Amino acid sequence: IFSYNTPWNHGFGGNVDSINKEGEFLIKNLNTDVPGNYSILIKDVPGCRPVRKIIESPDEPLEIKLEKGYIVKGKVIDDETGWPIPDVEVYALPEDYREQEPSTYLDADEKTNRDGEFIFSTMAQQHRYSLSTRTNRRYENGKLYYGSLPANVIGGQEEEVIIRVILSESGRHKPRKPD
């Protein structure tokens, strides 16, 4: 993802469309006379940490090295039945915002499979994250009526995590009775 940020907390971005087999790309017509900076964000590469790199000199080649990501596995289940929930998007937010994520949050490598299983392979080792899902949620008087109950993990931990979800009857996600 290519982005431009002004000194006034505004900006815009877009995808870098033409990347060749060697990972090379070209961005044309950067206006370096405007205040602010340009950057490249590489994310959603399974097994690698996301990285954001500021473009210091648009006339010089920019080399971006990816670092190994650490794995966390888990399962999303229905809080009521204990059954797995397929096709759910799971994301991670750092618990400590001093441990910056280049992309603010991380997405699991894919949506949950038919057994409700997910995997992150892009986490920082030993960083603490709060996992949640993108499901319908509703709060009333401070009480969660449906949505995910956050789960906490550490990047690279071996034990699987369970995310319990309170589903809405009218929502699109449905638990699947195990075989």
Side-chain angles (χ1 to χ4, degrees), residues 1-3 5 9 11 13-15 39-53 64-179:
I1 298 173
F2 168 73
S3 63
N5 295 300
N9 293 326
N15 292 328
S39 66
I40 297 289
L41 170 65
I42 308 293
K43 66 176 209 160
D44 300 328
V45 178
C48 297
R49 295 275 304 130
V51 62
R52 181 179 300 278
K53 186 97 174 197
I64 301 172
K65 292 185 179 184
L66 300 179
E67 296 177 11
K68 175 186 176 192
Y70 288 85
I71 293 174
V72 168
K73 295 180 181 179
K75 187 181 250 188
V76 175
I77 64 170
D78 177 44
D79 191 54
E80 186 177 324
T81 63
W83 295 352
I85 307 172
D87 201 39
V88 173
E89 293 179 38
V90 182
Y91 66 96
L93 291 171
E95 284 187 6
D96 183 348
Y97 284 97
R98 291 174 295 185
E99 296 175 342
Q100 290 288 317
E101 276 300 325
S103 58
T104 310
Y105 65 90
L106 299 174
D107 284 313
D109 292 5
E110 296 180 8
K111 291 180 181 180
T112 56
N113 64 18
R114 61 176 290 175
D115 295 320
E117 297 165 332
F118 63 87
I119 185 169
F120 284 88
S121 66
T122 58
M123 290 190 165
Q125 186 178 29
Q126 299 300 312
H127 282 199
R128 296 181 176 278
Y129 296 91
S130 178
L131 302 185
S132 196
T133 63
R134 289 186 181 95
T135 54
N136 296 333
R137 54 179 83 180
R138 176 171 64 98
Y139 291 92
E140 214 171 273
N141 299 325
K143 183 178 176 188
L144 176 70
Y145 281 85
Y146 50 88
S148 57
L149 306 172
N152 299 319
V153 298
I154 297 174
Q157 76 180 35
E158 291 186 22
E159 63 273 3
E160 288 191 354
V161 64
I162 301 293
I163 300 177
R164 303 185 76 80
V165 174
I166 300 168
L167 292 173
S168 162
E169 289 179 22
S170 62
R172 73 173 191 86
H173 292 100
K174 304 293 181 206
R176 187 188 71 77
K177 185 175 182 178
D179 298 331

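Given the structure is predicted, the values throughout are model-derived calculations rather than measurements.
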Minimum heavy-atom separation for K174 to I85, with atom names? O-CG2, 3.9 Å
Shortest non-hydrogen contact between T112 and V76, atoms and distance: CG2-CG2, 3.7 Å
Can you tell if the side chain of Q126 reaches within under 4.5 Å of the side chain of I154, non-hydrogen atoms only? yes
Distance-only, no hydrogens or angles: does the D109 side chain make a donor-acceptor pair with backbone N or O of S121 under 3.5 Å? yes
How long is the straight-line distance from OG1 of T133 back to OH of Y91, given to the nearest 0.5 Å? 7.0 Å
Closer than 3.5 angstrom, by distance alone: can the side chain of R49 be matched with the main-chain N or O of K68 as a donor-acceptor pair? no
Tell me, do D179 and R114 make a side-chain contact under 4.5 Å, heavy atoms counted? yes
When rounded to the nearest 0.5 angstrom, what is the spacing between CG in N113 and CD1 in I119? 10.5 Å
Check whether any side-chain heavy atom of V165 lies under 4.5 Å from a side-chain heavy atom of H173, and answer yes or no. no
Over all atoms of both residues, closest heavy-atom pair of T81 and P175: OG1-CB, 4.1 Å
Is a donor on one side and an acceptor on the other found under 3.5 Å between the side chain of Y129 and the backbone of A124? yes
Measuring from atom CG of D87 to atom NZ of K111, what distance do you get when rounded to the nearest 0.5 angstrom? 4.5 Å
May I ask you to test the D115-R176 pair for a side-chain heavy-atom distance under 4.5 Å? yes
Would you name the heavy atoms of P50 and K43 that are closest together and state the gap between them? CB-CB, 3.9 Å
Would you name the heavy atoms of V72 and G156 that are closest together and state the gap between them? CG2-N, 3.8 Å
Side chain proximity check, L106 to M123, heavy atoms < 4.5 angstrom: yes
Just how far is it from atom NZ of K75 to atom CD1 of I162, taken to the nearest 0.5 Å? 6.5 Å
Do F118 and V88 touch side chain to side chain, with heavy atoms closer than 4.5 Å? no
Are side-chain heavy atoms of V153 and F120 found at a separation under 4.5 Å? no
Identify the two heavy atoms, one from L131 and one from V161, that lie closest to each other, and give their separation to 0.1 Å. CD1-CG1, 3.7 Å
Please check: side-chain N/O of R52 versus main-chain N/O of S39, any donor-acceptor pairing under 3.5 Å? no
